[in-house]
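Side-chain atoms are counted along with the backbone in the values below, which use heavy atoms only and exclude waters and symmetry mates. These figures come from a predicted structure and were not determined experimentally.
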Amino acid sequence: MTGQLPVLQVAAPLLCAPLCVLLRSRTVAWLLFLVASLASLTCAALLAVRVDRSGTLRYAMGDWQAPYGIEFVVNGFNTPVLLLVSLSAVVVAVYSRRSVAGELAPRRVPLLYACLCLTLAGLLGLAITGDVFNAFVFLEISSLSTYTLIAMGRRRQALLAAFRYLVIGSVGAVFVLIGIGLAYAVTGTLNMGDLAQRVTGGHDNRSLQAAVVLVFVGLAVKMAVFPLHAWLPAAYAEAPSAVSTFIAATGTKVAIYVFCRFAFTVFGATLVFGAMPVGRIGLLLAALGILLGSAAACFQDDLRYLLAWSSVAQVGYIVAGVSLATTAGVSAAYLHMIMHSVTKAALFATAGLLLLRLGTVRLAALAGVGRRMPWTFAAFVVAGLGLVGVPPTAGFVSKWALVTALVEQGQWLVLAAMLSGSLLAVFYVGRVVEVAWFREPTADAEPAAAPASMVTAIWFLVLLSVSFGFDASLPAHLADAAASALLGNGGG
Amino acid sequence: MTAFSLINIVLLAILVATAVTITRLRALYEAAMLAALFSLVTACLFVLLDALDVAFTEAAVGVGISTVLILGVLALTRSREAVTQRRRRLPGVAAVLLVGGTLGYASLDLPAFGAADSPVHSHPLTEVYLHQSQEAVGIPNTVTSVLASYRGLDTLGELVVVFTAGLAVVSLLGPLRRRRPTRPERPRPIADFDLADYRVIRVVSGGLLPFVLLFALYVLFHGEYGPGGGFQAGVIFASGFVLYGLVFGLDRAQRVVPHAALWSLVTLGLLVYIGLGMATMLLGGSFLDYDVLAPGNPATGQHLGILVVETAIGITVASVMTTIFFSFAGRGVSR
């Protein structure tokens with residue numbers, strides 16, 4: 001049965017989604033999501049070990065050999081993503097039980113878990129597939145279920161946020177589809193490895209160049225790269241807490257992985273970064289995104305909007321690393337992807353807990369909460385330090401790797417943007433700490449008790465981020481393996 | 001050749017004219033009708049390209065069910081577009097021109113229309129799909145064997161997308177709520193007048209219904225030999241119910257298929273599809289490897305697998321489309 005691991009990775013959450021809907025019980029739906037995410041994590045861990053030991057794994061769907069059928073490819077470049085997504089799902093499953101019960105009408109809870117299963121399956125499928133059209137199908141699954149999840153938010157603004165994301169996201173998805181269609185027209189194949197072989201030498205083919213542009217612009221929407229980030233803040237901030245924790249940890253990261261996969265192992269670095277100026281554009285947009293996202297975060301008066309704007313900036317850091325197209329750069333990007341995912345999940349989870357206990361996360365209402373609920377807020381501070389990049393937190397390790405990679409290539413302007421972004425992060429995290437710890441509490445009402453499951457999930461993430469700060473050998477190993485697999489073009 | 005080009009040019013001209021007219025319209029009912037026309041012309045173009053399955057889907061989905069759903073939405077909201085200021089339209093115009101420019105640029109190096117030596121035709125994939133599939137899968141309609149077997153996972157994915165769409169509509173418009181206990185008068189259908197009062201409409205739609213459903217079944221089970229398959233059949237089946245609901249009112253339509261049953265059917269199709277994949281794995285093959293269903297006789301196994309898959313698709317698509325329509329229409333009634 002171990003040969004079936006790649007498909008079980010995706011099929012487990014996919015099977016649980018209709019069951020959640022069919023059985024229509026809140027507890028059963030939650031259990032199903034928990035089981036699905038645990039099963040995915042097990043598969044991801046086993047696959048990571050096997051890939052580390054014996055190299056690329058391929059799985060032919062329906063026993064039709066590629067390129068005639070669809071294949072799943074597991075290699076160094078996607079094991080970190082699979083682990084990240086499924087681990088986030090497990091943590092969110094633990095966190096969500098009480099969080100969701102506090103935010104949603106009971107009738108909608110099974111539907112929320114069904115959508116979470118679908119998002120999980122979509123993201124995992126996107127990460128594992130070795131076929132460009134199949135990637136589009138999984139992109140649709142994850143996107144549609146994410147729109148639905150965002151629309152389930154408590155306030156009416158959630159509907160508008162979901163609708164805006166739906167419109168922008170659908171346009172992006174169509175671009176990806178047209179790009180894939182053009183690539184098919186000039187190569188005759190949809191398999192990633194086969195495509196990579198057939199595009200070599202066709203660098204001045206204008207259809208292929210247009211395909212690259214369309215696929216990347218479409219993916220940039222999903223990655224929330226500046227200036228296509230407009231959907232992100234409201235989407236993250238208005239979604240139910242469990243959902244924003246999950247998509248903040250995984251959504252943009254998987255899109256960035258898909259970008260890397262297309263850039264390095266489908267179209268090829270010589271076309272994308274050599275013949276076309278994707279790298280330079282990427283660095284420029286990354287720098288602008290870092291500055292604008294961080295600056296906007298400073299002006300927010302709602303904690304969740306603040307965190308969401310900070311995510312726009314953090315996507316910039318990762319894109320900067322990828323755009324360097326060097327081993328050091330891509331490795332640093334992967335490292336920052338992992339570190340930021342853990343950190344931002346912890347922050348959004350904490351914001352969700354505060355929301356549950358206080359009923360609002362407007363900064364004005366947070367005055368003095370640090371003194372009234374020291375443990376909850378301590379988690380926020382530790383994770384916030386990780387966001388800034390203070391040693392010895394996870395954020396420091398990955399930002400240091402990024403700085404090294406940027407210096408290596410002499411990208412001083414991007415480096416300057418990155419450092420100013422970190423300074424702005426000191427400001428916006430510091431602002432929250434100042435309000436919460438140094439101002440007099442305003443409300444006298446006792447906050448609701450913190451559910452143990454949510455606290456466990458938050459502290460697990462916080463401690464994980466701290467432990468990565470002290471000993472980053474595991475994520476660094478994964479990131480290096482990913483970068484060498486991508487740039488060595490080993491996956492095919 | 002010239003007649004062929006002429007037809008293509010005329011259809012393309014109609015397509016462009018329709019698209020331009022749609023953008024200039026402010027009345028959304030008219031825009032919806034023209035969008036249906038757009039789909040119909042597209043379907044004709046697909047027929048000219050010999051892509052009959054695609055044309056069939058475009059006709060069933062684009063002209064049929066999506067028009068009805070858009071009308072259902074318009075019945076709930078305003079049916080006139082709010083006018084955007086001219087100044088605020090500029091970014092949109094720029095984006096459209098940019099995308100159009102990119103597509104025009106892309107077309108410069110595309111293989112010539114109908115070229116026999118294009119990369120798609122010279123790739124070994126074409127040979128495998130068009131010829132070897134006859135022995136490996138043994139089904140005359142290649143499109144069906146590619147969709148249901150070679151690329152079965154994509155089709156499963158598309159079914160999941162349809163399922164997700166249904167889930168989204170239900171979670172937002174919520175027909176899972178309990179029906180109100182008493183309702184003094186018969187609820188009006190979504191249109192302002194009662195269609196069932198018109199004898200012609202009543203008799204014709206009542207008479208057509210059995211044939212629509214029968215045709216759907218024909219499309220479903222004939223998909224292996226001719227154009228058609230689960231998606232088209234599901235949509236046609238749903239159109240039958242939608243027609244019935246439009247004419248005879250939501251209550252009577254829901255008496256035929258209650259929500260609970262419909263909702264179970266939505267999941268049933270998907271579960272059957274994924275379950276089939278799991279079963280082939282338990283039988284020792286890979287996911288969706290239908291060969292193992294009939295040991296020793298791969299073609300029979302493929303045949304069986306494809307039949308099960310198409311039926312599963314038909315069930316889920318039909319029930320999702322009906323659910324979506326009921327959700328919109330039910331919203332109109334309860335207002």
Side-chain angles (χ1 to χ4, degrees), chain A residues 1 3-4 7-8 11 14-15 17-19 21-22 24 59-64 67-70 107-108 111-112 114-115 118 121-122 125 129 131 133-134 137-138 140-141 144-145 147-148 151-152 159 175 178 182 184-189 194 198 204-211 213-214, chain B residues 95 99 102-103 105-111 118-126 128-129 132 136 149-158 160-161 163-165 167-168 170-172 174 176-177 263-264 266-271 274-275 277-278 280-281 285-292 305:
Chain A
M1 206 61 185
Q4 310 276 13
V7 72
L8 284 176
L14 207 55
L15 182 63
L19 288 177
V21 176
L22 188 67
R24 240 191 279 176
Y59 184 91
M61 259 335 124
D63 215 19
W64 298 113
Y68 310 114
I70 296 165
R107 183 177 60 76
R108 286 167 124 190
L111 300 181
L112 176 119
C115 286
L118 290 171
T129 188
D131 187 279
F133 185 75
N134 197 235
V137 172
F138 279 118
E140 281 289 272
I141 296 176
L144 271 184
S145 48
Y147 307 144
T148 315
M152 288 182 185
L159 290 174
F175 280 3
I178 298 175
L182 288 172
Y184 174 72
V186 292
T187 59
T189 183
D194 198 18
R198 283 164 198 274
D204 46 0
N205 186 311
R206 286 167 287 193
S207 306
L208 194 61
Q209 289 170 353
V213 171
L214 286 165
Chain B
V99 176
T102 312
L103 290 177
Y105 181 76
S107 68
L108 294 176
D109 271 345
L110 279 182
S118 68
V120 173
H121 282 116
S122 53
H123 194 281
L125 210 64
T126 308
V128 169
Y129 284 169
Q132 289 181 27
S149 187
Y150 287 99
R151 300 193 67 87
L153 185 69
D154 278 346
T155 310
L156 172 59
E158 295 295 355
V160 175
V161 169
F163 171 75
T164 315
L167 209 61
V170 168
S171 80
L172 291 177
L176 286 183
R177 69 181 160 206
W263 204 225
S264 310
V266 168
T267 54
L268 178 73
L270 198 53
L271 284 174
I274 304 173
M278 294 291 184
T280 56
M281 276 158 66
S286 32
F287 195 71
L288 296 175
D289 177 6
Y290 311 134
D291 286 0
V292 294

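Between the side chain of A:Tyr59 and the main chain of B:Ser286, no donor-acceptor pair closer than 3.5 Å is present.
Only the side chain of A:Phe138 comes within contact range of chain B, judged by heavy atoms closer than 4.5 Å. For A:Leu159, the part lying under 4.5 angstrom from a heavy atom of chain B is the side chain only. Only the side chain of A:Val7 comes within contact range of chain B, with at least one heavy atom under 4.5 Å from a heavy atom of that chain. In this structure, the portion of A:Ala60 lying under 4.5 Å from any heavy atom of chain B is its backbone and not its side chain. Heavy atoms of A:Arg206 lying under 4.5 Å from chain B belong to its backbone as well as its side chain. Of the atoms belonging to A:Met152, it is side-chain heavy atoms, and not backbone ones, that fall under 4.5 Å from chain B. In this structure, chain B has heavy atoms under 4.5 Å from both the backbone and the side chain of A:Leu22. Interface remark: A:Tyr147 contributes no atoms to any contact with chain B (heavy atom separation under 4.5 Å). For a residue to count as touching a neighbouring chain, one of its non-hydrogen atoms must lie under 4.5 Å from one of that chain's; by this rule A:Leu208 does not touch chain B. Looking at A:Ser145, both its backbone and its side chain come within 4.5 Å of chain B, counting heavy atoms on both sides.
No side-chain heavy atom of A:Asp131 sits less than 4.5 Å from a side-chain heavy atom of B:Leu153. In this structure the side chain of A:Asp194 never reaches within 4.5 angstrom of the side chain of B:Leu125, judged on heavy atoms. In this structure the side chain of A:Val137 never reaches within 4.5 angstrom of the side chain of B:Thr155, judged on heavy atoms.
Contact count versus chain A (heavy atoms, under 4.5 Å) is highest, among B:Ser107, B:Ser149, B:Ser118, for B:Ser149. Annotation: maximal heavy-atom pairing with chain B below 4.5 Å, among A:Ser207, A:Cys115, A:Ala17, A:Ala210, occurs at A:Ser207. Of the listed residues (A:Asp63, A:Ile70, A:Thr148), the one with the most heavy-atom contacts under 4.5 Å to chain B is A:Ile70. Considering only heavy-atom pairs separated by less than 4.5 Å from chain A, the leading option among B:Thr164, B:Asp154, B:Asp289 is B:Asp154. Put simply, of B:Thr126, B:Leu268, B:Val161, the one with the most heavy-atom pairs under 4.5 Å next to chain A is B:Val161. Note on A:Ile141, A:Leu182, A:Val213: by heavy-atom pairs under 4.5 Å with chain B, the leading option is A:Ile141. The choice from B:Val266, B:Ile274, B:Leu270, B:Thr102 that makes the most heavy-atom pairs within less than 4.5 Å of chain A is B:Ile274.
In terms of heavy atoms, B:Tyr129 sits closest to A:Pro67 at OH-O, 4.4 Å. Of all non-hydrogen atoms in B:His123 and A:Thr187, the two that sit nearest each other are CD2-O, 3.8 Å. The two residues A:Asn134 and B:Arg151 come nearest to each other via the heavy atoms N-NH2, 4.0 Å.
A distance of 12.0 Å separates CG in B:Leu288 from CH2 in A:Trp64, rounded to the nearest 0.5 Å. Distance check: A:Asn205 CG to B:Leu110 CG gives 8.0 Å after rounding to the nearest 0.5 Å. Atoms CD and OG1, from A:Gln4 and B:Thr280 in turn, are 8.0 Å apart once rounded to the nearest 0.5 Å.
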